[in-house]
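The structure appears right after this line, and notes come after that.
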Amino acid sequence: MTAQTTATDVDQIVQRYVDVWSEPDAAARRRAVARLWAPDGVEFIEGTQFRGHDELVDRVAEAYGLFVASGDYRIAADHHVTVHGQVVIFTIQMTYAKGPLVDEVAWAARVFLVLDDDGRILQDYHVTVHPLPA
(Lines give C-alpha, C1' and ligand atoms only; values in the text may rest on other atoms or scores of the structure.)
Protein backbone atom coordinates (compact mmCIF):
# COMPACT_ATOMS: atom_id res chain seq x y z
CA MET A 1 0.00 0.00 0.00
CA THR A 2 1.57 3.25 -1.05
CA ALA A 3 1.82 6.41 1.00
CA GLN A 4 -0.92 7.91 -1.20
CA THR A 5 -3.47 5.30 -0.16
CA THR A 6 -6.60 7.02 1.09
CA ALA A 7 -9.45 6.06 3.38
CA THR A 8 -11.51 5.59 0.21
CA ASP A 9 -8.95 3.05 -1.07
CA VAL A 10 -9.17 1.12 2.18
CA ASP A 11 -12.98 1.25 2.13
CA GLN A 12 -12.89 -0.14 -1.41
CA ILE A 13 -10.56 -2.97 -0.40
CA VAL A 14 -12.85 -3.89 2.50
CA GLN A 15 -15.95 -3.71 0.28
CA ARG A 16 -14.34 -5.87 -2.44
CA TYR A 17 -13.29 -8.32 0.27
CA VAL A 18 -16.86 -8.57 1.59
CA ASP A 19 -18.30 -8.82 -1.92
CA VAL A 20 -16.09 -11.73 -3.02
CA TRP A 21 -17.73 -14.01 -0.43
CA SER A 22 -21.18 -13.31 -1.94
CA GLU A 23 -20.27 -13.53 -5.63
CA PRO A 24 -22.47 -16.19 -7.30
CA ASP A 25 -20.65 -16.29 -10.66
CA ALA A 26 -17.57 -18.56 -10.62
CA ALA A 27 -15.68 -16.60 -13.30
CA ALA A 28 -16.39 -13.27 -11.60
CA ARG A 29 -15.36 -14.78 -8.25
CA ARG A 30 -12.05 -15.95 -9.76
CA ARG A 31 -11.39 -12.45 -11.16
CA ALA A 32 -12.29 -10.89 -7.79
CA VAL A 33 -9.84 -13.19 -5.98
CA ALA A 34 -7.09 -12.24 -8.44
CA ARG A 35 -7.80 -8.51 -7.88
CA LEU A 36 -7.85 -8.86 -4.09
CA TRP A 37 -5.00 -11.26 -3.28
CA ALA A 38 -1.42 -11.21 -4.51
CA PRO A 39 -0.57 -14.36 -6.53
CA ASP A 40 1.15 -15.88 -3.49
CA GLY A 41 -1.37 -14.44 -1.01
CA VAL A 42 -2.49 -16.63 1.86
CA GLU A 43 -5.49 -16.80 4.16
CA PHE A 44 -5.18 -18.26 7.66
CA ILE A 45 -8.39 -19.36 9.37
CA GLU A 46 -8.93 -21.74 12.27
CA GLY A 47 -5.55 -23.44 11.88
CA THR A 48 -5.89 -23.89 8.11
CA GLN A 49 -4.20 -21.94 5.35
CA PHE A 50 -5.16 -21.35 1.74
CA ARG A 51 -2.25 -20.22 -0.42
CA GLY A 52 -2.32 -18.82 -3.95
CA HIS A 53 -5.20 -17.93 -6.21
CA ASP A 54 -6.33 -21.50 -6.94
CA GLU A 55 -6.67 -22.45 -3.27
CA LEU A 56 -8.28 -19.10 -2.44
CA VAL A 57 -10.81 -19.45 -5.27
CA ASP A 58 -11.72 -22.92 -3.97
CA ARG A 59 -11.96 -21.61 -0.40
CA VAL A 60 -14.22 -18.70 -1.33
CA ALA A 61 -16.39 -20.92 -3.56
CA GLU A 62 -16.81 -23.46 -0.76
CA ALA A 63 -17.80 -20.76 1.77
CA TYR A 64 -20.22 -19.26 -0.75
CA GLY A 65 -21.79 -22.67 -1.38
CA LEU A 66 -22.10 -23.52 2.30
CA PHE A 67 -23.51 -20.25 3.57
CA VAL A 68 -24.56 -17.65 0.99
CA ALA A 69 -25.88 -19.62 -2.02
CA SER A 70 -28.82 -20.96 0.00
CA GLY A 71 -29.94 -17.45 0.87
CA ASP A 72 -29.68 -18.28 4.57
CA TYR A 73 -26.89 -15.76 5.29
CA ARG A 74 -25.51 -12.41 4.13
CA ILE A 75 -21.93 -11.20 4.46
CA ALA A 76 -21.11 -7.71 5.69
CA ALA A 77 -18.36 -5.78 7.44
CA ASP A 78 -18.74 -3.45 10.33
CA HIS A 79 -17.80 0.14 9.61
CA HIS A 80 -14.92 0.26 12.08
CA VAL A 81 -11.81 -0.13 9.97
CA THR A 82 -8.35 0.41 11.40
CA VAL A 83 -5.28 0.94 9.25
CA HIS A 84 -1.71 0.77 10.44
CA GLY A 85 0.82 0.94 7.61
CA GLN A 86 0.26 -2.13 5.43
CA VAL A 87 -2.28 -3.67 7.85
CA VAL A 88 -6.07 -3.27 7.56
CA ILE A 89 -8.24 -4.56 10.42
CA PHE A 90 -12.02 -4.92 10.45
CA THR A 91 -14.79 -7.30 11.48
CA ILE A 92 -16.59 -9.43 8.92
CA GLN A 93 -20.01 -10.75 9.85
CA MET A 94 -22.37 -13.38 8.56
CA THR A 95 -25.93 -12.39 9.41
CA TYR A 96 -29.13 -14.36 9.07
CA ALA A 97 -30.90 -13.44 5.84
CA LYS A 98 -34.27 -14.96 6.72
CA GLY A 99 -36.27 -16.39 9.57
CA PRO A 100 -36.89 -15.10 13.07
CA LEU A 101 -33.24 -14.04 13.54
CA VAL A 102 -33.00 -12.00 10.30
CA ASP A 103 -30.16 -9.44 10.43
CA GLU A 104 -28.74 -10.87 13.66
CA VAL A 105 -25.09 -11.95 13.63
CA ALA A 106 -24.65 -15.69 13.13
CA TRP A 107 -20.84 -15.58 12.91
CA ALA A 108 -18.17 -12.89 13.05
CA ALA A 109 -14.40 -12.71 12.78
CA ARG A 110 -11.77 -10.04 13.13
CA VAL A 111 -9.90 -9.83 9.83
CA PHE A 112 -6.29 -8.70 9.65
CA LEU A 113 -5.09 -8.02 6.10
CA VAL A 114 -1.44 -7.40 5.31
CA LEU A 115 -1.27 -5.63 1.95
CA ASP A 116 1.46 -5.35 -0.64
CA ASP A 117 2.52 -2.06 -2.26
CA ASP A 118 -0.25 -2.47 -4.86
CA GLY A 119 -2.96 -2.85 -2.21
CA ARG A 120 -3.39 -6.60 -2.74
CA ILE A 121 -3.58 -9.04 0.13
CA LEU A 122 -0.37 -10.85 1.06
CA GLN A 123 -1.69 -12.31 4.30
CA ASP A 124 -5.28 -12.62 5.52
CA TYR A 125 -5.93 -13.70 9.10
CA HIS A 126 -9.40 -14.51 10.50
CA VAL A 127 -9.87 -14.65 14.25
CA THR A 128 -13.39 -15.84 15.09
CA VAL A 129 -15.05 -13.65 17.70
CA HIS A 130 -18.59 -15.02 17.35
CA PRO A 131 -18.74 -18.70 16.33
CA LEU A 132 -21.67 -20.24 14.48
CA PRO A 133 -24.15 -21.99 16.76
CA ALA A 134 -23.64 -25.74 16.94
Could you tell me which non-hydrogen atom of Pro39 sits nearest to which non-hydrogen atom of Arg120, and how far apart they are?
-> CD-NH2, 3.4 Å

Kindly give the heavy-atom pair with the smallest separation between Val18 and Ile75, and that separation in Å.
-> CG1-O, 3.5 Å

Any donor and acceptor pair, going by atom type alone, linking the side chain of Gln86 with main-chain N or O of Leu115 inside 3.5 Å?
-> yes

Donor-acceptor contact present, side-chain His53 to main-chain Ala38, <3.5 Å | yes

Result block: side-chain N/O donor-acceptor pairs under 3.5 angstrom for residues 101-110, not counting sequence neighbours:
residue: Asp103; atom: OD1; partner: Arg74; partner atom: NH2; Å: 2.2
residue: Arg110; atom: NH1; partner: Thr91; partner atom: OG1; Å: 2.7

If you measure from [atom1] on [X] to [atom2] on [Y], what distance do you get to the nearest 0.5 Å?
X     : Y      : atom1 : atom2 : answer
Leu56 : Gln49  : CG    : CD    : 10.5 Å
Gln93 : His130 : CD    : NE2   : 9.0 Å
Arg29 : Trp21  : CZ    : CH2   : 10.5 Å
Leu36 : Asp124 : CG    : CG    : 9.0 Å
Arg59 : Ile45  : CZ    : CD1   : 4.5 Å

Are [X] and [Y] packed together at the side-chain level, in the sense that at least one heavy-atom pair is separated by less than 4.5 angstrom?
X     : Y      : answer
Met94 : Leu132 : yes
Asp58 : Phe50  : no
Ile13 : Leu113 : yes

Cluster question for you: counting only ILVMFWY and a side-chain heavy-atom cut-off of under 4.5 Å, with indirect links fine, are Val14 and Val83 together?
-> yes

Any chain of hydrophobic side-chain contacts (each under 4.5 Å) joining Phe44 to Val127?
-> yes

Any side-chain donor-acceptor pair under 3.5 Å between Glu43 and His126?
-> yes

Can you label the angle between the Tyr17 ring and the Phe90 ring as parallel, tilted or perpendicular, going by 30° and 60°?
-> perpendicular

Run the numbers on Asp19 and Gln15 for side-chain hydrogen bond (donor to acceptor under 3.5 Å, both in side chains), then give the verdict.
-> CA-CA 6 Å; Asp19 290 348; Gln15 189 59 55; 2.7 Å; yes

All side chain to side chain contact (heavy atoms under 4.5 Å, CB included) counterparts of Arg30, not counting sequence neighbours = Asp54, Val57

Indicate every side-chain donor-acceptor pair of residues 61-71 with a distance under 3.5 Å to a residue at least two apart or in another chain.
residue: Ser70; atom: OG; partner: Asp72; partner atom: N; Å: 3.1
residue: Ser70; atom: OG; partner: Asp72; partner atom: OD2; Å: 3.1

